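Everything on this sheet refers to the single structure shown next.
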Amino acid sequence: MYHVLETRIRAALTKHIRERYSQDVTFVTERPPRIEMGEVATPVCFELAKRLKRAPRQIAHEIAVDLPAIDGVARVEVAGAGYVNFFFSRAAFLAAAVAGAAAAPPVARPDAPKCIVEHTNINPNKAAHIGHLRNAALGDTLVRLLRRAGQRVEIQNYIDNTGVQVADVVIGFIHIAKKSPEEVRALAAQPKFDYFCWDLYASVTHFYEEDKTRLALRGETLKSIEEDRGAPAEMAAAVAPAVVRCHLRTMERLGIEYDLLPRESEILHLKFWDAAFEHLKQTNAIHLATSGKNAGCWVMRLNDAADAADASGEDDDAKIIVRSNGTVTYVGKDIAYQLWKFGLLGRDFQYEKFHTYANGHTLWSTVSSGGSASAPAFGRASIVYNVIDARQAYLQNVVVAGLRALGFNEQADRSIHFSYEIVALTPRCAAELGYTLSDEEARKPYVEVSGRKGLGVKADDLLDRLEAAARAEVDQRHPASPDNERTAIAHTIAIGALRYFLLKFTRTAIIAFDFKDALSFEGETGPYCQYAVVRARNIFRKLREQQPDFDCASLEKVNQEAAERSLAAPDGNTLWEMVLHAGSLGTQIEAAVGAQEPAFIAKYAFQLAQSFNLFYHHHRVLTEEDEAKKIFFLQLSRLVELQLVSALELLGIESPEKM
RNA sequence: GCGCCCGUAGCUCAGCUGGAUAGAGCGUCUGGCUACGAACCAGAAGGCCGGGAGUUCGAAUCUCUCCGGGCGCACCA
């Protein structure tokens, strides 16, 4: 609602300034620092003052007087040295906000342009850890935001089932655990197989450290996995899908689902790279280096080619795409894959069903042959978001440069690296996990999570601890509730705490993980927000006990006179701030999508919850004797409840009925 | 060496398309429960917004520079 009025004001002001002063100015509108100063303000007169060589306050005064009436705006005032402040019609705003909250959110048309969001992307050789959780929570929230903004979204979780990480754990099975393919298959059927692999993977690191010559095993193993032959390939085929299923279960606990698992093995078998290689050669996007350190490699220039072209083999800024032995690098494959996402490769996967979620939603996987005829049309997106941590920025830039070199500038512009900083451990947390820090590590502010070293907080362990902690709280508060109900509430709270914790930081902040903060249910946390919803819902539950025929739909019509009276300044300012905030979710979503920053929504939810808690503390709704006022309070409670539930939903956080 | 990110209260972080008196949570201290449940609320203490210069009517926000920290720049993925 807020952005509707803001837009209206900007349009009216632009028109007025053009007609009255013959000036075309671009200006900002902002929230004044205090509510008594109105809801929208603009410093545009400072700019006009310069151009017209007149005092800003004088111009502001003229505008305040002469500006034609704007629907929804009660009055316009001059403030400070020349600000123009707009005051909303409070009751009208409330009425619009209540109507807006009750309306269903927009749904994307089936023919709308499609976005692909790729996230999670965990190597299928070990259990998921907190770093992966940040990726998945951000990716999933981005999906929810885009969908709310009316976009059609396809969710992909890329599976590198043929890479060195899988090869390493296969080496662990053969040379450390001494298992046969049959034994590995049996183990893979066990529920905590990802945990088994976690430990095994860490011991493979020691295995290499003990004897560096053992690294030779990696090349052979990798080759047989890629070519799909022998015991290593058989084991990889058992390990990778089993670990993927573990990851899917973990993510399902968090309410995260996917549409497609594109797999590295199909990219290899269907020779995606060969198709991309032809494109790249034909367009001269890459060339064969004949001399210098890169002799024999196909390389791509990253800088503007002008000065590099004259060089006699000195391609310092070139990125190797094909090695001198003829094999393609990771970036090369990634260029091919990115082309496929946009439908530019000229090749496609086949697909088969991989999993069906509890809600009936199907997750598909790529296959190289014998795919299902009923598979949806994957890929061919108009925008691609790759949720990948900030350390891979350079490689993501190379991929985009590859698209550009091929002449796909539009697609390059629509290739978005949704970048975020890593989750690290505080030294205290690492110690708590039984890890002994080196002197160098002890001096640092945090320690990087490392699957290779087996250092990290496993996602399921953290979830278990959160659920146990939440369960203890629920047991204390609701000892009479049935066991399964308490478990369900504890789960909802645990997920709320975890997702909020991962999303409240902006993407550029490194999260220094600490159990104390992550396990907190107080202050700026998910449960705090959930609790505000529960409080609002308790009011309505109690009310229904008194009036069984009460229906929330009856609150959708606002009595504007009564509302205006209650919201009138100065007494109503605090209430009005809550209403204003509740009616600003649309603005927040716009900002969050524009900046690609889910943390904005987390902040919004917390502030709205805070504002409601304050209201709740100051006003007894059900015992209010003035009937009109009571209805007004109920309307406020309902409005906040709906908006808060809606905001939390964007964060993937459910709002329980009680807690 | 080049590139990117970060430096704001004791701690963890918001605020950065320039704007009015710099915010929140945690922690510390002091208060508030007969329940629309305190997973809450109120109050107090705590800041040369890393340093310096510049642009501007106006800078935490933009530019430059220096300092401090992190990451990236492989014929690894």
Side-chain angles (χ1 to χ4, degrees), chain A residues 26 28 30 32-34 37 41-43 46 49-50 56 79-83 85 123 160 163-165 167 218 222 264 293-299 302 316-317 319-331 333-334 389-395 397 419 421-422 424 426 444-446 448 470 473-474 476-478 493 497 504-512 514 516-517 520-532 534-543 594-595 599-600 602-603 606-607 609-610 613-614 616-624 633-634 637 658-659:
Chain A
T26 53
V28 293
E30 64 208 14
R34 289 189 311 280
M37 303 167 117
T42 177
F46 298 116
K50 249 190 291 186
Y83 285 91
N85 292 2
N123 277 306
D160 184 2
V164 284
Q165 299 220 23
R218 187 187 266 171
L222 203 48
E264 175 91 353
K293 59 173 185 172
N294 297 334
C297 299
W298 286 87
V299 301
L302 292 181
D316 247 15
D317 210 22
K319 178 73 193 167
I320 291 167
I321 305 296
V322 179
R323 305 182 188 103
S324 54
N325 67 5
T327 58
V328 60
T329 59
Y330 163 74
V331 203
K333 278 185 281 190
D334 233 31
D389 76 62
R391 293 173 300 187
Q392 302 221 40
Y394 170 71
L395 291 168
N397 285 336
S419 157
E421 272 296 349
I422 57 165
T426 60
K444 292 189 171 185
Y446 43 74
E448 200 176 332
E473 296 284 334
V474 174
Q476 221 174 346
R477 285 155 224 251
H478 302 285
I493 293 167
K504 75 173 177 181
F505 299 93
T506 54
R507 291 186 289 121
T508 53
I510 293 173
I511 299 180
D514 201 321
K516 186 171 87 43
D517 297 333
S520 169
F521 299 150
E522 287 165 13
E524 195 192 343
T525 65
Y528 176 96
C529 299
Q530 291 171 314
Y531 188 61
V534 168
R535 280 180 142 180
R537 287 180 170 170
N538 281 346
I539 295 174
F540 291 106
R541 198 178 38 239
K542 262 295 198 294
L543 181 64
F600 289 179
K603 223 71 188 176
F606 174 66
Q607 285 166 356
Q610 230 178 1
N613 276 332
L614 188 60
Y616 184 90
H617 187 75
H618 285 305
H619 303 278
R620 302 271 166 259
V621 176
L622 295 178
T623 54
E624 176 57 49
F633 283 159
L634 285 169
S637 306
K658 64 180 190 181
M659 64 186 273

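Keep in mind that what you see is a predicted model, and the values were worked out from it rather than measured. Lettering follows sequence order; numbering is per chain, from 1.
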Quiz item: Which value, in whole Å, describes the distance between the P atoms of nucleotides B:rC48 and B:rC2?
Solution: 33 Å
Quiz item: For atom P, what is the distance between B:rG50 and B:rA45, given to the nearest Å?
Solution: 24 Å
Quiz item: Hey, does A:M659 have a side-chain heavy atom less than 4.5 Å from the side chain of A:V474?
Solution: no
Exercise. Ignoring the backbone of A:F46, work out which of B:rA39, B:rC57, B:rA20 is nearest its side chain.
Key: B:rC57
Quiz item: Per the atom types in the model, does the base of B:rA39 pair as donor or acceptor with the side chain of A:R477 at under 3.5 Å?
Solution: yes
Quiz item: Parallel, tilted or perpendicular for A:F606 and A:Y528, by the 30°/60° rule?
Solution: tilted
Quiz item: How long is the line joining CZ of A:R391 and P of B:rC73, in whole Å?
Solution: 10 Å
Quiz item: Distance check: side-chain N/O of A:N538 vs OP1/OP2 of B:rG37, anything under 4.0 Å?
Solution: yes
Practice problem: For nucleotides B:rC26 and B:rC40, find the distance between their C1' atoms and express it as a whole number of Å. | Solution: 16 Å
Quiz item: Is there a ring-ring contact (aromatic ring centres under 6.0 Å, His included) between A:F521 and A:Y531 once you walk through the steps?
Solution: CA-CA 10 Å; A:F521 299 150; A:Y531 188 61; over 10 Å; no
Quiz item: Touch check for A:Y446, heavy atoms < 4.0 angstrom, all strands: base, sugar-phosphate only, or nothing?
Solution: sugar-phosphate
Quiz item: Considering only side-chain heavy atoms of A:P43, which listed nucleotide, B:rC41, B:rG19, B:rG37, is closest?
Solution: B:rG19
Quiz prompt | Closest listed nucleotide, where the reference is the side chain of A:K444 and the choices are B:rC57, B:rC71, B:rA20 | solution = B:rC71
Quiz item: Think A:Y531 has a side-chain N or O under 4.0 angstrom from the OP1 or OP2 of B:rA38?
Solution: yes
Quiz prompt | Euclidean distance for C1', B:rG7 against B:rG51 (whole angstrom) | solution = 12 Å
Exercise. Look through every strand shown and name the nucleotide pairing with B:rA45 as Watson-Crick or G-U wobble, where both distances are under 3.5 Å.
Key: none
Quiz item: Rounded to the Å, how far apart are A:R507 CZ and B:rC13 P?
Solution: 17 Å
Quiz prompt | Separation of the C1' atoms in B:rG18 and B:rU63, to the nearest angstrom | solution = 13 Å
Exercise. Select from A:N613 and A:A536 the residue whose nearest nucleotide in RNA chain B is closer to the 5' end of that strand.
Key: A:A536
Exercise. Could you tell me whether A:Q610 contacts a base, only the sugar-phosphate backbone, or nothing, with contacts defined as non-hydrogen atoms closer than 4.0 Å?
Key: sugar-phosphate
Quiz item: To the side chain of A:K50, which of B:rC75, B:rA77, B:rC57 is closest?
Solution: B:rC57
Practice problem: Can you tell me the distance, in whole Å, between the CZ atom of A:F521 and the C1' atom of B:rC40? | Solution: 16 Å
Quiz item: Could you give the CG-to-C1' distance, from A:L395 to B:rC4, as a whole number of Å?
Solution: 13 Å
Exercise. Decide, applying a 5.5 Å centre-distance limit and a 30° plane-angle limit (both strict), whether A:Y83 stacks on B:rA20.
Key: yes
Quiz item: What is the nucleic acid contact for A:A595, judged by heavy atoms within less than 4.0 Å: base, sugar-phosphate only, or nothing?
Solution: nothing
Self-check item: Length of the line joining A:I511:CD1 and B:rA14:C1', which is rounded to integer Å
Solution: 14 Å
Exercise. Using Watson-Crick or G-U wobble geometry with both distances below 3.5 Å, tell me the partner of B:rU55, or none.
Key: none
Quiz item: Between A:V328 and A:R541, which has a closest nucleotide on RNA chain B that is more 5'?
Solution: A:R541
Self-check item: Note: A:E524-A:K603 ion pair, threshold 4.0 Å (strictly below)
Solution: yes
Quiz item: Considering only the C1' atoms, how many Å lie between B:rG25 and B:rC41, rounded to the nearest integer?
Solution: 15 Å
Quiz item: Nearest-Å distance, CD1 (A:I510) to C1' (B:rC4)?
Solution: 12 Å
Practice problem: Indicate, yes or no, whether a donor-acceptor pair under 3.5 Å links the base of B:rC6 to the side chain of A:T508. | Solution: no
Quiz prompt | B:rG23: pairing nucleotide in any strand, Watson-Crick or G-U under 3.5 angstrom | solution = B:rC13
Practice problem: Would you indicate what A:V28 reaches in the nucleic acid, counting non-hydrogen atoms under 4.0 angstrom: base, sugar-phosphate, or nothing? | Solution: nothing
Quiz item: Does A:Y528 have a side-chain nitrogen or oxygen under 4.0 Å from the phosphate oxygens OP1 or OP2 of B:rC41?
Solution: yes
Quiz item: A:V164 versus A:L222: any side-chain heavy-atom pair under 4.5 Å?
Solution: yes
Self-check item: Base-pairing assignment for B:rG3 (Watson-Crick or G-U wobble, both under 3.5 Å)
Solution: B:rC71
Quiz item: What distance, rounded to whole Å, do you find between the two C1' atoms, one in B:rU21 and one in B:rU17?
Solution: 24 Å
Self-check item: Electrostatic pair A:K516:A:D514 at N-O distance under 4.0 angstrom
Solution: no
Exercise. For the residue pair A:N538 and A:R541, confirm or rule out a side-chain donor-acceptor distance under 3.5 Å.
Key: yes
Quiz prompt | Whole-Å gap separating P (B:rC13) and CD (A:E421) | solution = 11 Å
Practice problem: Could you tell me the separation between the CZ atom of A:R535 and the C1' atom of B:rG37, rounded to a whole number of Å? | Solution: 8 Å
Exercise. Considering just the side-chain nitrogens and oxygens of A:Q607, establish if one lies under 4.0 Å of OP1 or OP2 belonging to B:rG23.
Key: no
Quiz item: Within the structure shown, what part of the strands sits under 4.0 Å from A:L614 by heavy-atom distance: base, sugar-phosphate, or nothing?
Solution: sugar-phosphate
Practice problem: Taking only Lys NZ, Arg NE, NH1 and NH2, and the carboxylate oxygens of Asp or Glu, determine whether A:R620 and A:E624 approach each other closer than 4.0 Å. | Solution: no
Practice problem: For A:D160, report the nucleic acid contact type (base, sugar-phosphate, nothing); a contact means any heavy atom under 4.0 Å. | Solution: sugar-phosphate
Quiz item: On a whole-Å scale, what distance lies between the C1' atoms belonging to B:rA24 and B:rG68?
Solution: 26 Å
